[in-house]
There are 2 protein chains.
Amino acid sequence: MKIGELGKATGTPVETIRYYEREGLLPFPARTAGNFRVYGEGHAERLSFIRRCRSLDMTLDEIRTLLRFKDAPAENCLGVNVLLDAHIGHVAARIRDLRALERQLRNLRGQCREAREAVHCGILNELSHLPEKDAERPGSPARGVHAGVGASRSC
Amino acid sequence: MKIGELGKATGTPVETIRYYEREGLLPFPARTAGNFRVYGEGHAERLSFIRRCRSLDMTLDEIRTLLRFKDAPAENCLGVNVLLDAHIGHVAARIRDLRALERQLRNLRGQCREAREAVHCGILNELSHLPEKDAERPGSPARGVHAGVGASRSC
DNA sequence: GAACAAGCTATAGTGACTACAGGGTCAACA
DNA sequence: TGTTGACCCTGTAGTCACTATAGCTTGTTC
């Protein structure tokens, strides 16, 4: 199967498949005479595993670790449990952070009930004059699901 | 005040201050004869505003919008309210996504109660063989607080 | 005058892709 | 046989909000 078929079979853009290959998550496939990649069932299964882990928001590094366990079936799987527990902890912490953030934002939103001149807007004034107090310092913003709040945006 | 003092006064690394200047969030400051940046109270206030917004996890683009309102005090502030409502909506949606993710992860974790050979690990098996079903497709992972789950990590 | 802190510019790296540019391969059809 | 068009290839740059480094200059203190 060629890369486009593999992409369709697993719901993965072809650029992403090539990216996983570069990152060492997928083994180098065979090539046709014309230099096209050729994949088998093993590749499809491995890619599905990766995508399933990504849908659970694991990092590529975490997935690399899980793949090592998959590639060593006789080994003890304790590390898998440990990794997953840590991942769950990160997600839970992130939810707590975001809930605190939501409370702060709703409180701020309450400062301006109706539209008026910007100079009298309760929101802008609060953002201008209140101390940052217990808000987490943006100098070291916690990022990503694993830790905090700030992150890259696509929207 | 020089850049280091401004950084201390606002809890901002100096590289970040220079970055905000490049991004057009902070106006170009005056310079000493030796080419050092010199800041006044206005700069400190503006930077504090920016940092407060960042601690509420707004993007630099959102902050740019708010700064435009601050710079036009006579304008109607409706746009501020709209922006904040949208931001709150993004955060709330992200919390919902993460809670669903946490449920999925805890369910997965339940598949392997004790450590054993990786080949019999319920977690690895579930990740290998179950359909991705209703999990959000990683082909278009929602990123950042504003939308979803995947994000850059610093940990 | 020498040491040292703090400043300067420019550039590259982070994570996990995504989006080109500029080409090559291959099957189908006129 | 020629050509269209879908697909494939490599390589590079862009995303976001910083962060870190290299290699230099300025300013203060001893």
Side-chain angles (χ1 to χ4, degrees), chain A residues 1-8 11-26 28-39 47 50-51 53-64 137-155, chain B residues 1-8 11-26 28-39 47 50-51 53-64 137-155:
Chain A
M1 132 177 76
K2 280 189 290 182
I3 196 168
E5 296 169 74
L6 179 63
K8 260 179 205 128
T12 313
V14 296
E15 302 88 352
T16 303
I17 296 175
R18 287 193 281 249
Y19 171 72
Y20 289 160
E21 182 185 315
R22 280 200 302 283
E23 288 295 303
L25 294 168
L26 278 178
F28 296 114
R31 299 278 185 142
T32 66
N35 202 31
F36 286 13
R37 288 169 178 85
V38 193
Y39 296 99
L47 180 54
I50 295 169
R51 298 300 273 175
C53 291
R54 282 295 296 138
S55 78
L56 296 175
D57 199 46
M58 296 178 192
T59 63
L60 296 192
D61 251 4
E62 287 169 329
I63 297 170
R64 252 183 285 266
R137 270 298 165 113
S140 56
R143 313 190 155 281
V145 161
H146 282 175
V149 165
S152 64
R153 321 300 177 77
S154 57
C155 55
Chain B
M1 116 181 87
K2 280 189 290 181
I3 196 168
E5 297 169 73
L6 178 63
K8 260 179 205 128
T12 312
V14 297
E15 301 87 352
T16 303
I17 297 174
R18 287 193 282 249
Y19 171 71
Y20 289 160
E21 182 185 314
R22 280 200 302 283
E23 289 295 303
L25 295 169
L26 278 178
F28 295 115
R31 300 278 186 141
T32 67
N35 201 31
F36 286 13
R37 288 169 177 83
V38 193
Y39 296 98
L47 180 55
I50 295 169
R51 297 300 273 176
C53 291
R54 282 294 296 138
S55 78
L56 296 175
D57 199 46
M58 296 177 193
T59 63
L60 297 193
D61 250 4
E62 287 170 328
I63 298 170
R64 252 183 284 266
R137 272 298 166 113
S140 55
R143 312 190 156 281
V145 160
H146 282 174
V149 164
S152 63
R153 322 298 178 78
S154 57
C155 55

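Letters A, B, ... mirror the listed sequences (proteins, then strands); counts begin at 1. Note that the coordinates shown come from a computational prediction; the quantities given were computed from them, not determined experimentally.
- Distance A/K8 NZ to D/dC7 C1': 9 Å, rounded to the nearest Å.
- Between the OH atom of B/Y39 and the P atom of C/dG7 there is a distance of 10 Å, rounded to whole Å.
- Nucleotide C/dT18 holds its P atom 14 Å from the CD atom of A/E23, rounded to whole Å.
- Comparing C/dG7, C/dT9, C/dC26 by their nearest atom to the side chain of B/V14 picks out C/dG7.
- Annotation: the span from A/L25 atom CG to A/I50 atom CD1 amounts to 5.0 Å, rounded to 0.5 Å.
- Remark: B/R64 is not in phosphate contact with D/dA17, judged by side-chain N or O atoms under 4.0 Å from OP1 or OP2.
- One interatomic measurement links the two molecules: NZ of B/K2 to C1' of D/dT26, which rounds to 8 Å at whole-angstrom precision.
- To the nearest angstrom, P of D/dA17 lies 7 Å from CG of B/D61.
- For A/Y20 and C/dA16, the shortest distance from a side-chain N or O to OP1 or OP2 is not below 4.0 Å.
- OP1 and OP2 of D/dA17 both lie 4.0 Å or more from every side-chain N or O belonging to B/R51.
- Side-chain atoms of A/L60 lie closest to C/dA16 of the nucleotides D/dG27, C/dT9, C/dA16.
- Within the 4.0 Å cut-off from OP1 or OP2 of D/dC8, not a single side-chain nitrogen or oxygen of A/R37 is found.
- Between D/dT10 and A/R18, no contact under 4.0 Å exists linking OP1 or OP2 to a side-chain N or O.
- When only modelled atom types and interatomic distance are considered, A/R51 and A/Y20 share a side-chain donor-acceptor pair under 3.5 Å.
- For the pair A/K2 and A/L6, the minimum side-chain heavy-atom distance is 4.5 Å or more.
- Distance A/I17 CD1 to C/dA19 P: 15 Å, rounded to the nearest Å.
- One can place OH of A/Y19 at 18 Å from P of D/dC9, the figure rounded to the nearest angstrom.
- Among all heavy-atom pairs drawn from B/I17 and B/L26, the shortest one is CG2-CD1, 3.9 Å.
- At distances below 3.5 Å, not a single donor-acceptor pair connects side-chain atoms of B/R37 with backbone N or O atoms of B/R18.
- Protein atom CG of A/N35 is 13 Å distant from nucleotide atom P of D/dC8, rounded to whole Å.
- Distances shown here put a side-chain N or O of A/R54 below 4.0 Å from the OP1 or OP2 atom of C/dC17.
- Between B/T16 and the phosphate of D/dT19, there is a side-chain N or O to OP1/OP2 separation shorter than 4.0 Å.
- Between B/R22 and A/F36, it is B/R22 whose nearest contact on DNA chain C lies nearer the 5' terminus.
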